[in-house]
Amino acid sequence: MLGNRVFARAVWVLVALLTGLCVLAAPSVAGAAEPPEADECRRAPLAHARVSASLALQHDDRTYTKIITKLVVDVPGDWPFAQDLLLSEESRKYIRAMACLTRSKQSKQQRHWEEWRTGDPVVTSRDGRIKVVDTAHSWVDQYRSDIEVGVWNVRAGARRWLVRLQVPPALVGARWDKITVEPGAPGAESAEPRPDAGEGTTALVWRPARQDQSKASEKRRPEEKQASKAARTAETARQGRGATAEARAGSVPLVVVSLRPSWQRSWAAQSDRLIAVGIGEAGELLWMGAVSALLLMAAREYRRRPGTPTADQRHTMRNLVAWAVLSVALNVLTRTDEMIDRYVQRRADGRWLSEWIFFGHYGLALVVAALLLAFSRPPRRVGLAALLLVLVPLANTAPTGVLGLSKTPFTSDAGLVVQSLSACSVIALTLLGFVAAAWRLAIDGHLLPESRRFPGNDRVLRMRIAGPAVAVATVVIAICFALAEERTWQRISWLSDPADPEYGSDRRSVLVSNVVMSVSDGLDWINGYHWLLTAVAALAVLRTWRTSPSLSPLDEQADRAERLLFLTFYAAAVGLGGGWTLGIGLLNGLWIPLHMLALYGATTLFMRRSVLAQPLEVSRQPFFEGLGPGARTQLLRKARAYRETHANLRRLDQGLFGDEPPKRADEERDLSTLHDWPAIGSLAAPDRLPSQVSVVDAALALGPRDHWWANGSRGARLALIPGLPTAVLTTWAWTIRGEAWENTLSYQFGFPDVMLNFLFWMVTWAAAGFVLGALWRVLPGRRGAVKAIPVTFAFALSTALDAMLAWFTNDSVADLSLHILAMLFVLTVTGIALDLDTFRGERRYWQSRLGLLLSVYQMRYYSLQLAYLIAQVIAIITIWQFFAEPAVTPDGPGNQ
């Protein structure tokens, strides 16, 4: 009852906050504003203004071509609206004056949906004239749509793109000094009118002012040339102004440039076509289908094991199979939602679109949440909370119109509030479903600690904790969504008249429409992290079915099921999603087998060079065959004696002993005796350790625990320490640095996605640490820093293939080197920590962990290790500074 009351209070707090948020976000009309007339700019032409305009298309190292525009207007002080440009950017007079200079279509409402800007136009005043510099940018990412940026219009076709200059009415009679179009490589295919000159390699330049002066000089009468200098000057001042103004009125060239871009940029610009979207969604389904097929294959191999599985094994196997099927169903529902939404938006029948928005988006989202809750089999109170959350969206989308809002969704403030509550309820329900599913997978696999209140029992998902947590997360998402929507609206309508009634109506309509669409977008966003549940399901099975005596999951003694599931876990949790090219993820599914083959090859290729694979001196059998019960204890004892004996020899060489120094022969005899190995494991007789392997090397090769699963778990925990600052760095590179920050501010789920990006990288580093620990005994090298190299190599190999594909398609590869170096740094530190953890039993004999590490590694080798780490940090900083900032915001990690 306490949990239900707490959850009910959280729901009411959520309702109150969202209601207030929606009321604050609702449009208000400024009564003091005066709607400008549509022809005000035409009645106040700028005959004596000086204008220059430029457009540049940047194609290289980016997915979508970037459009950069610049408009410079030197306004005379006698223009009626000149002084208004010096007012605040929120002033209605400023908006009117700036719209006259920068908008070709004069109206009370200005909507440039594709126009982006880094700041307001720069306005300066000097010598009675006012100079306005307006810069804007956008991307060519829409097929056969007019992209309006500043005074330019760009339209992308299948083969050709058209760039047009749209002159504002107030600037038709102005003096246009220079018009520049930089189409980028390979250059323009045609240009009208004929350009006057060129700049650089491909830029085209028009100078209308010079042509006007030439035409005006040709119209001068012959008798003017024979008049005196004073008379000629007066006549020119009297007649030239009118003639020149008349010439200028029709002299602004309607610049039209046609270009044929490279096939890479042309294909990327068509990524929003229905067929391209379908291909991309098919790639996503192939990714999930490949992972699910691998999970089912591993489950079949596990079930072929002899013997009767335990209850825990049956539960985790049932969860694995169910999740393999459910994940495909969830992705089909999510991708179907996206495809149908794209299709109905292209229909002329608005009725079907309205019906689909309300019944389709809400319906599919509720089905997804229901499937997650059915899979998780939550406690009763969680189920009751889910039923409570589903009431509002069900009432909103009921065919009978219980609330009557589905018929008039965009007209009332009540509709805005209820649609917001409905959308938040669906988001909260989906979050609750994902939390419950993850809890079920983790509890059945004993991945969470036992209950402290009831020792020996599993923890229970309690509503008094899960309810407020989901409610807080939903409120944060809603607030961030409202802020992003407000920022987007201000961006697209910054030159619109807020006093016009149409302004408030459009703002409310756009807000309600986006609130309803957020159900579909939120479902895509949350479902993008389904790989987390896949990783948990795989870990649960690996933990409960770990019965084989193999050294690692990829050892020759490991069975096929264990090997297959471990490689699938690596591909899903560690390997980055590749194959995203030209805005389409068709090849994304191919990276699953690539990740698996890279890790398997990098491990097995050098497996025979590992310490435990070295042959014993007498029997020539691999050392790991001589491991048995008590081997770890014996090796640790020998390793301590080995280090003490070497310390005695060093002191003897330095003359640090007293009157009776130890004999070198005795010390060397003790060292030789330490290499004797008893007949344990599969050895029939006593043997000796490999000659090139010391007992310290052998102890470190076993790792800190007795089983590969325990070594992997320890590696995952230790990887969190270096993973924390590295996750901050990579999250900064993905979501904040450069143009990524602009996308984060405008994306509906931008700020929450920053937190999930951080979680994404923390899970990636922890999973990489688990893989390193699980493979510890078969990796080459005698120290952890060397053992980290093969796993990093596997990660780098698949990442390098993705970089080659990006190079072929001329996409950005700015962050890929950073990811590889970050992985190397995290695994190197984790490997050193695992070496230190191997001798944790001696920690009480040393003042600090550093002293113990110096004893294990010896001072000389540790200096090399420290220099190696410092070199990695310097390389990370250098790579980050060398590469340019990402030209296109990276895809979300949900596509991993």
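What you are looking at is a predicted structure, and each value in this text was computed from that prediction instead of being measured.
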Could you go through the side-chain hydrogen bond (donor to acceptor under 3.5 Å, both in side chains) check for D272 and Q142 one step at a time? CA-CA 6 Å; D272 68 326; Q142 298 181 21; over 6 Å; no
With F760 as reference, evaluate Y529, W531, W765 under the ring pair (Phe, Tyr, Trp, His ring centres under 6.0 Å) test and give the passing residue. W531
Taking the side chain from H595 and the backbone from I592, do they hold a donor-acceptor pair closer than 3.5 Å? no
Quick check for you: to the nearest 0.5 Å, what is the distance between R335 atom CZ and L364 atom CG? 13.0 Å
Is there a donor-acceptor contact under 3.5 Å from the side chain of S509 to the main chain of D506? no
May I ask you to decide whether D811 forms a salt bridge with R265, counting only side-chain N to carboxylate O separations under 4.0 Å? yes
Side-chain donor or acceptor of T69 paired with backbone N/O of A136 under 3.5 Å: yes
Kindly indicate whether the side chain of W323, heavy atoms from C-beta on, has any atom under 4.5 Å from the side chain of V328. no
Tell me whether W494 at atom CH2 has more than 12 heavy atoms from other residues, nucleotides or ligands lying less than 6.0 Å away. yes
Could you tell me the separation between the CG atom of L295 and the OG atom of S327, rounded to the nearest 0.5 Å? 7.0 Å
For a salt bridge (charged side-chain N to carboxylate O under 4.0 Å, His left out) check, start with the C-alpha distance between R117 and E115, then their side-chain angles and the critical distance, and finish with the verdict. CA-CA 7 Å; R117 56 185 62 250; E115 184 180 84; 2.8 Å; yes
Are V277 and E281 close enough that some pair of their side-chain heavy atoms sits under 4.5 Å apart? yes
Donor-acceptor contact present, side-chain T730 to main-chain A727, <3.5 Å: yes
Donor-acceptor pair between N810 and Q264 side chains, under 3.5 angstrom: no
Roughly how far, to the nearest 0.5 Å, is the CG atom of L818 from the CG atom of L729? 5.0 Å
For the student: nearest non-hydrogen atoms of C480 and F751, plus distance: SG-CB, 3.7 Å
Value for CZ (F434) from OG1 (T430), rounded to nearest 0.5 Å, stands at 8.0 Å
Are E485 and R507 within salt-bridge range, i.e. N to O under 4.0 Å? no
Residue pair V140, I67: steps toward the side chain to side chain contact (heavy atoms under 4.5 Å, CB included) verdict: CA-CA 7 Å; V140 185; I67 309 170; 3.6 Å; yes
Measuring only between side-chain heavy atoms, which start at C-beta, is L576 closer than 4.5 Å to H819? yes
Just so I know, are the side chains of L366 and L394 near enough to count as touching, which here means a heavy-atom distance under 4.5 Å? yes
Taking atom types as modelled, find out whether E114 and H137 have a side-chain donor-acceptor pair closer than 3.5 angstrom. no
side-chain hydrogen bond (donor to acceptor under 3.5 Å, both in side chains) assessment of Q109 paired with D500: CA-CA 8 Å; Q109 300 303 317; D500 186 21; 3.2 Å; yes
Suppose we call two aromatic rings close when their centres sit under 6.0 Å apart. Are W287 and W591 close by that rule? no
Compute whether any side-chain donor of one residue and acceptor of the other, for R111 and S496, lie under 3.5 angstrom apart. yes
Using side chain to side chain contact (heavy atoms under 4.5 Å, CB included), reason through V291 and M288 one step at a time and then give a plain yes or no. CA-CA 5 Å; V291 173; M288 194 64 252; 3.9 Å; yes
Ignoring hydrogens and angles, state whether a donor on the side chain of R155 or S145 is under 3.5 Å from an acceptor on the partner side chain. no
Can you tell if the side chain of I477 reaches within under 4.5 Å of the side chain of F749, non-hydrogen atoms only? yes
Enter the distance from L756:CG to L532:CG here, rounded to the nearest 0.5 Å. 8.5 Å
Would you call S420 and L416 a side-chain contact if the rule is heavy atoms closer than 4.5 Å? yes
Shortest non-hydrogen contact from M762 to G723? SD-O, 3.5 Å
Yes or no on salt bridge (charged side-chain N to carboxylate O under 4.0 Å, His left out) for D815 and R737, after CA distance, side-chain angles and deciding distance? CA-CA 11 Å; D815 289 333; R737 185 167 63 99; 2.7 Å; yes
We want to know whether Y64 and S271 form a side-chain donor-acceptor pair, criterion being a heavy-atom distance below 3.5 angstrom. yes
Just how far is it from atom CG of L372 to atom CG of L429, taken to the nearest 0.5 Å? 9.0 Å
Side chain to side chain contact (heavy atoms under 4.5 Å, CB included), that's the test. Do F758 and T735 meet it? Break it down for me. CA-CA 10 Å; F758 177 78; T735 61; over 6 Å; no
Give a yes-or-no answer on whether the side chains of R487 and Q490 include a donor-acceptor pair shorter than 3.5 Å. no
Given V426 and V390, is the side chain to side chain contact (heavy atoms under 4.5 Å, CB included) satisfied, shown in steps? CA-CA 7 Å; V426 174; V390 82; over 6 Å; no
T581/T809 under side-chain hydrogen bond (donor to acceptor under 3.5 Å, both in side chains): CA gap, chis, key distance, verdict: CA-CA 7 Å; T581 174; T809 57; 3.3 Å; yes
Mind listing the closest non-hydrogen atom pair of G157 and Y143 along with its distance? C-CE1, 3.7 Å
Are T334 and E284 packed together at the side-chain level, in the sense that at least one heavy-atom pair is separated by less than 4.5 angstrom? no
Heavy atoms only: give me the nearest Y362-P393 pair and the separation to one decimal. CD2-CB, 4.1 Å
Which heavy atom in R440 sits nearest to a heavy atom in S376, and how many Å separate them? NE-O, 3.0 Å
Return the minimal non-hydrogen interatomic distance between L389 and S425, and the atom names on each side. O-CB, 3.3 Å
Is the shortest heavy-atom distance from the side chain of V510 to the side chain of W489 under 4.5 Å? yes
L326 and its side chain to side chain contact (heavy atoms under 4.5 Å, CB included) partner, picked from N319, V368, L371: L371
For R144, I'd like to know if atom CZ has over 12 heavy atoms of other residues, nucleotides or ligands within 6.0 Å. no
Look at the side chain of N757 and the backbone N and O of D753, then say whether any donor-acceptor pair between them is shorter than 3.5 Å. yes
